[in-house]
Structures are given as C-alpha cells and as structure tokens.
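What you see is a predicted model, and the numbers here were worked out from it, not measured in a lab.
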2 protein chains.
Amino acid sequence: MDISAEFVPEGSPKRRQIQVAAEQLFLAHGYGAVSMDQVARTASVSKATLYAHFASKEALFATIMQDKGLETPLYEGMFPEQVDDLRAVLESMGTRLLRFMLRERTLSLYRVALAEAARFPELGRTFYANGPCTMRERFIAWLGVMDQSGLVQVDDRDIAAEQFMALMRSDVFLRRSLSIDPLPTDEEIERSVRAAVDTWLRAFGR
Amino acid sequence: MDISAEFVPEGSPKRRQIQVAAEQLFLAHGYGAVSMDQVARTASVSKATLYAHFASKEALFATIMQDKGLETPLYEGMFPEQVDDLRAVLESMGTRLLRFMLRERTLSLYRVALAEAARFPELGRTFYANGPCTMRERFIAWLGVMDQSGLVQVDDRDIAAEQFMALMRSDVFLRRSLSIDPLPTDEEIERSVRAAVDTWLRAFGR
DNA sequence: GTCTATAGGCCGATAGAC
DNA sequence: GTCTATCGGCCTATAGAC
C-alpha cells in the first residue's frame with residue numbers, strides 16, 4: 001500500500017520523522033491550519049531539510065495523504081466462506097466495520113479527504129478507492145458465495161452491498177464524525193449494528 | 001433561525017456585504033484557507049470596517065456559520081397525513097431529501113462542519129440540530145400517523161427513521177461529497193432512492 | 001462607521017556554509 | 001543532507017484621521 005516506504009526502508013531517519021510529523025499534523029488539523037514551520041519543529045528538523053525532501057507544502061500534503069489507505073488488516077477473516085449463522089456473521093462484520101470507521105485515525109482521514117477533495121482531487125479518489133470501494137467489492141464477492149449457498153436472496157449484489165455499508169453509517173457514526181458525541185460504547189455500537197443487520201436481513205435474507 | 005438578522009434589518013448594508021462575502025468564502029474554502037483580507041476585498045469594505053463589526057476571524061466564522069440551517073422550506077408538504085400509495089410518498093420524500101443533501105450549498109456546509117467541528121464545537125452541534133436531527137424528528141412524527149393508519153409495521157420509530165436517512169446517504173452521496181463524481185443525473189438519484197425505499201419497505205412496510 | 005496606513009509576526013521558500 | 005539565517009509577502013489586528 002505504502003510503496004514509497006520500500007525506497008526509504010530505514011535509510012533516511014529524517015525523512016521518516018518528517019512523514020510521521022506531517023501525517024499527524026495534517027490528520028489532526030487539515031491542510032490550511034498546518035504550517036511548514038510546525039512540521040519542521042515537530043519533526044525536529046530544519047525547514048531547509050524539509051524542503052530538501054518535499055518540494056512544497058502541497059507536494060508534502062499530497063504525498064503523505066495519498067495511499068494512506070487501510071493499513072489495518074481489516075478484512076482478515078472478515079468474510080468466511082462457511083457460514084452457519086448468517087446473522088451472527090453479518091453482525092460480526094458490521095461491528096468490525098463500524099468500529100474501524102469510528103477510529104480516530106479513520107475519522108480524521110475522512111474529514112480531511114472530504115474537506116480537501118476539491119483542492120486535491122486525488123485525495124478523495126484515493127480515500128474512496130482504498131476504503132469504501134474495496135470494502136464493497138469484497139462484500140460483493142462474498143455475497144456471491146452466500147447466494148450460491150442459498151443463504152441470501154439478492155437481485156443486485158451491488159445495491160445490497162452499498163446498502164449494508166450505508167446502514168452502518170448510522171446516526172452514531174454521523175454524530176461522532178461531527179464531534180458531537182464521544183466514542184460510543186460497545187453497547188451502542190452493537191445496538192446500532194444489530195438494528196442495521198435486522199433491516200438488511202429482512203430485505204435480503206431468505 | 002438567524003436571530004441576529006433582526007438587529008440589522010436593512011440598517012447596515014456593509015454588515016450585510018460582509019456576511020454575504022464571508023459566508024460564500026468560508027463555505028467554499030473552509031476556515032483556514034480564507035483570510036480577513038479576502039473577506040474585506042470580496043465585501044468591498046476595509047479591514048478596519050470588518051473588525052468594527054466582528055471582533056476576530058474566529059468570531060466572524062462562528063457567527064456566520066452557526067444557525068445556517070435549512071433556509072429552504074424543505075419540509076413543506078413533505079409529510080402528507082393522507083397517504084394512498086406509501087411507496088410513491090416515500091420515493092418523493094427520499095428524492096427531495098437526497099436532492100437537498102446533494103446541493104452544493106448543503107454539501108459545503110457539511111464539509112466545513114465536519115472539518116471544523118473539533119475547533120468550533122457549536123458548529124457540529126448546530127449543523128446536526130438544524131439538519132439531520134430536525135428531519136428525523138419530523139419523520140418520526142409522521143411515522144406515528146402512518147402507524148395508526150396501519151400502513152407500516154414499526155417497532156422502533158427512531159430506528160426506522162434513522163435507517164431511512166442512512167439509506168439515503170448512499171454511495172451516490174458519498175462519491176459526490178468526496179468530489180469524485182459530478183452532480184448525479186435525475187435517473188441516478190431516482191434509482192438510488194427507489195432501491196433504498198425498496199429495502200426500507202421490506203423491513204417496515206406491511 | 002469608515003477609511004488609509006501600518007504594526008508586528010508568521011508564512012512558504014531559499015541562499016550559502018559545512 | 002543538514003544547518004542557520006533570511007527574504008519578500010501576506011497574515012490578524014489596530015491607530016488615527018475624518
């Protein structure tokens with residue numbers, strides 16, 4: 001995912017410091033509110049060094065933010081081929097997905113991508129491709145298996161997958177993304193996921 | 001909604017110019033990327049005049065952005081008490097809601113609220129209260145009427161309302177909010193809404 | 001209230017020494 | 001590659017005249 005990391009394995013500690021500092025600052029405060037002075041100070045590096053590695057603030061932001069997809073092995077064991085209890089599997093998937101979307105890091109990336117997508121078109125595209133789009137594709141493929149097992153009744157897998165994810169972006173997620181509520185408790189998350197799975201199963205379950 | 005407007009009915013054209021300019025600039029570019037010079041220039045007003053009306057950039061932003069709720073009479077005739085064709089009514093409601101959410105002005109406010117909610121907590125709260133929360137409350141009230149008419153089968157109106165709105169925030173909305181796609185066509189909107197209403201009705205219709 | 005002019009500082013970016 | 005030192009400019013905010 002982060003291909004450039006291979007070109008700087010351990011080679012340039014300063015560059016690594018810059019990357020870490022820039023990522024943290026940009027994710028926390030967005031593009032406009034972060035200055036190159038701040039990045040240099042946080043990275044314990046002079047501005048000249050910073051500009052030796054990145055041509056401009058825009059280039060730094062674009063480089064750091066793009067390909068910042070899902071580093072988490074989110075999908076590991078998420079889509080079992082053998083399913084006894086479909087409801088339980090969907091609830092486990094949903095809980096995992098919603099938990100991931102509610103992580104501070106994911107939310108920060110979402111907020112920055114949304115806010116700066118107009119100025120950095122690649123950012124919106126990359127976020128979508130590495131995030132929601134990948135998740136949906138995997139879900140669609142898994143739906144194919146479930147369909148063959150006769151566990152679901154799905155005319156249009158694309159729509160079924162989209163709606164599963166849309167149902168996860170519930171009010172809990174909206175309120176948290178707007179910084180209204182703190183991180184919801186496990187109970188709140190499970191309640192929201194259970195309600196979403198209920199609805200999805202009534203539409204697509206057999 | 002905009003209470004302060006009553007204190008400056010037509011009285012201060014300069015103040016009105018400032019409000020219009022600031023709103024446009026902040027919505028288009030966010031907080032950090034807009035300067036007071038820019039606001040003054042766009043409003044055809046000197047910076048001193050600007051600071052005579054608003055104590056600081058933060059105060060200007062907070063004043064302009066808060067209580068910028070739904071000026072549109074979005075809800076007018078949206079919730080009919082007499083319903084023959086429930087599906088048609090839900091599709092009409094959904095289309096209207098999705099269209100509103102996809103308007104450039106609504107999206108800009110959403111992006112700014114999301115990006116700056118951490119720095120301006122009131123902003124996230126106000127956006128939620130004037131937008132999604134109000135819509136959900138009206139939907140819940142309307143669901144009560146539908147329930148009495150025996151047209152729907154809803155255990156928890158809150159969940160049913162939340163999920164109706166979540167289903168409207170579909171992939172079409174996500175892609176547009178990330179500036180990936182242009183404004184979707186009428187057909188795309190209707191297809192998305194129809195699929196959402198299908199699913200919602202299978203879960204809550206009678 | 002409104003202007004011109006400017007203070008004082010931080011901005012992005014660079015020159016030059018090592 | 002890395003530093004110190006600094007450029008010219010734009011930033012938020014204000015002083016003082018009218």
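B:Ser46 comes within 4.0 angstrom of a base, heavy atoms only. Across all strands, B:Val39 comes closer than 4.0 Å to no nucleic acid atom at all (heavy-atom distances). Among the protein residues, B:Lys14 comes within range of the sugar-phosphate backbone only, with heavy atoms under 4.0 Å from sugar or phosphate atoms but none that close to a base.
Rounded to whole angstrom, the span from the CZ atom of B:Arg15 across to the P atom of C:dG1 amounts to 9 Å. Look at CG on B:Leu60: it is 10 Å from P on D:dA13, rounded to the nearest Å. One interatomic measurement links the two molecules: CZ of B:Phe54 to P of C:dG1, which rounds to 12 Å at whole-angstrom precision. In this entry the distance linking NZ of A:Lys57 with P of C:dC10 reads 16 Å, nearest Å. The nearest whole Å value for the distance from the CG atom in B:Leu50 to the P atom in C:dA5 is 18 Å. Taking atom NZ of residue B:Lys47 and atom P of nucleotide D:dT14, one finds them 11 Å apart after rounding to whole Å. Rounding to whole angstrom units, CE of residue B:Met36 and C1' of C:dG9 are separated by 17 Å. We find that CZ of A:Arg16 is positioned 18 Å from C1' of D:dG1, with the value rounded to whole Å.
Salt bridge annotation for A:Glu104-A:Arg176: present, with a cationic side-chain nitrogen under 4.0 angstrom from a carboxylate oxygen. Using a cutoff of 4.0 Å between basic side-chain nitrogens and carboxylate oxygens, A:Glu187 and A:Arg194 are not scored as salt-bridged.
To the nearest 0.5 Å, the span separating CG on B:Leu183 from CG on B:Leu102 amounts to 6.0 Å.
Residue A:Thr49 places its side chain closer to D:dT2 than to any other of C:dA13, D:dT12, D:dT2.
Listed pair A:Ser35 / C:dC10 fails the phosphate criterion, with no side-chain N or O lying under 4.0 Å from OP1 or OP2. Residue B:Tyr51 has a polar side-chain atom (N or O) positioned under 4.0 Å from OP1 or OP2 of D:dA13.
Between A:Arg41 and A:Gln38, the side chains place no donor N or O within less than 3.5 Å of an acceptor N or O (distance only, hydrogens not considered). Inspection of the B:Arg96 and B:Tyr75 side chains reveals no N or O donor paired with an N or O acceptor under 3.5 Å.
Annotation: of the two residues near DNA chain C, A:Asp37 and A:Ala48, the 5′-most nearest-nucleotide partner is A:Asp37.
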